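Structure record follows, encoded as structure tokens.
Keep in mind the model is a prediction, meaning the values are calculated, not measured. Residue numbers start from 1 in every chain, and the chains themselves are labelled A, B, ... in the order their sequence lines are given, proteins ahead of strands. Values below: all heavy atoms of this structure, side chains included; hydrogens, waters and symmetry mates excluded.
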2 protein chains.
Amino acid sequence: MIDVTSATSAASDPPAAKAGDGYHHGDLPNALRRAAVEVIEERGAGGFSLREVARRAGVSHTAPAHHFGDMKGLLTSVAEEGFAALHAASEAAIGTSDDPVAQLTELGRAYVSMGTTHRGHCEVMFRTDIIDTEDPELMSCGLEAYGVLESVVRRMIDDEHLSADVDEVTWLCWSTMQGLVQLAPKISMIAEAHGREAPVIDDLIARFTTLMVDGIRNAP
Amino acid sequence: MIDVTSATSAASDPPAAKAGDGYHHGDLPNALRRAAVEVIEERGAGGFSLREVARRAGVSHTAPAHHFGDMKGLLTSVAEEGFAALHAASEAAIGTSDDPVAQLTELGRAYVSMGTTHRGHCEVMFRTDIIDTEDPELMSCGLEAYGVLESVVRRMIDDEHLSADVDEVTWLCWSTMQGLVQLAPKISMIAEAHGREAPVIDDLIARFTTLMVDGIRNAP
DNA sequence: CCCAGCGTCTTGACGTCGTCAAGATCGATC
DNA sequence: GATCGATCTTGACGACGTCAAGACGCTGGG
């Protein structure tokens, strides 16, 4: 389990560590995760390099192996951190209102904004080839984030006594937001090619959400 | 521009070529694309290797460079082939009916089924780090496929005199199907974890589509 | 007829990569 | 104050992407 708060703290002042005595780093795992995200955001997941990560953390090229086993282990840890951050952002999002529909909108905004605020993490979280998708900690982090969305959908359907299937509505919202994360740049490009200015993503999400909610309320 | 029909033909009987005289291959570009897709489907985009592709095509490790420049060039060509296949599948999908809503459903099914029938291509098509997204041929192939969806959405909105924005509805449908491609395996996993059998994706797409269309008809 | 030119493909080399084995360093514990 | 385990380093290996240089075989002009 990764501590989300410490994971995003500055490179100096490592928590629960001796701040580096020259030989022993003190908080190498977090430093490596930070460096890994940095490299991915600069070069993409395809340009990732364990040795470059080690270089940026100021350690030898084999140091990462002692904490993460191999490249897959480090990237899996980055993905786990991403899901933990998504979970935290989701919890914060539903705290802004008591109305399930408003919560759904905020959840969508939180999800899509993760694509920009945690771009490095997102490039890794849904890859099946470079991370270990069977990792128990990764799966539990992912399911926790999923649970937030599901519970909001369930409450909306219960509150309004709708006939829609909770799971399927959850999947619809999830898919739409997941697609939006990936397509937002292309959408902006197409909008400009069509002679209109790129849409404000948060507004787009609000309209998508109300549109889907309208459809859900209309279910047979 | 890649000829989609020849690109998927068998390894033997290369079209418009001398079938390999021992030294000169005859149809190396297509053979390399085929091998590339094969490698990606086996190992994922992260396990891709130019040398392995060359090995499978039976040529030296530098032969691909003469046709595609570098790794990015070959992968861009694979992505282009993917968009061309998507375009073809989209055209076929809208040919099954005259009703725009039915066409929209079929378009969604064609899109999502691409994720399994052309898994290797799909792993590359929306990556920004390992392909050249500025490539003119790639962009035109992508826009052609996009145009099919957009025209169906436009016809639906026109036919029913709806107030919804054509671009935004197109983006909604695209995002949802794009997310579904990526999340389908996870959705099946979650369904089974919830004690229900994995959903039939084609049915899910039909329900998602009618739900979204209901929302579109309800726009202010 | 043949030979010059040109696409096509190969050989060989370089630096970088991930990983493994072996050893060095340090703090905690007895 | 010696020992032990956790932590990190050094050095090596094969595989990778790319570059330079050269070999091959068709084609067309003398």
For A:Ala54, enumerate each residue passing the side-chain contact (heavy atoms from CB on, under 4.5 Å) test, keeping only those at least two apart in sequence or located in another chain.
-> A:Val59, A:Pro64

Excluding sequence neighbours, so at least two apart, what forms side-chain contact (heavy atoms from CB on, under 4.5 Å) with A:Glu38?
-> A:Glu42, A:Arg56

Measure the distance from [atom1] on [X] to [atom2] on [N] and round it to the nearest whole Å.
X       : N      : atom1 : atom2 : answer
A:Asp27 : D:dC8  : CG    : C1'   : 15 Å
A:Leu32 : D:dT9  : CG    : P     : 10 Å
A:Phe68 : C:dT19 : CZ    : P     : 14 Å
A:Leu28 : C:dG27 : CG    : P     : 16 Å
A:Asp70 : C:dA21 : CG    : P     : 14 Å
A:Phe48 : C:dT16 : CZ    : P     : 18 Å

For a quick test of your reading: what N or O donor-acceptor pairs under 3.5 Å do the side chains of residues 175-185 of chain B make, sequence neighbours left out?
from	atom 1	to	atom 2	distance (Å)
B:Ser175	OG	B:Trp171	O	2.9
B:Thr176	OG1	A:Thr176	OG1	2.9
B:Thr176	OG1	B:Leu172	O	2.8
B:Gln178	OE1	B:Tyr111	OH	2.5
B:Gln178	NE2	A:Gln182	OE1	3.2
B:Gln182	OE1	A:Gln178	NE2	3.2

Which residues share a side-chain hydrogen bond (donor to acceptor under 3.5 Å, both in side chains) with B:His67, sequence neighbours left out = none

5' precedence on DNA chain D between B:His66 and B:Met71 (nearest-nucleotide basis) | B:Met71

Write down the protein N/O and nucleotide N/O pairs, taken from nucleotides 11-15 of chain D, whose separation is under 3.5 Å; answer none if there are no such pairs.
from	atom 1	to	atom 2	distance (Å)
D:dG11	O6	A:His61	NE2	3.1

For residues 147-154 of chain B, please give each side-chain donor-acceptor pair under 3.5 Å, one per line with the distance, not counting sequence neighbours.
from	atom 1	to	atom 2	distance (Å)
B:Ser151	OG	B:Gly147	O	3.3
B:Ser151	OG	B:Val148	O	2.9

Starting at the 5' end of DNA chain C, which residue's closest nucleotide do you reach first, A:Lys72 or B:His67?
-> B:His67

Going by heavy atoms in the side chains, are A:Lys72 and A:Ile130 under 4.5 Å from each other?
-> no

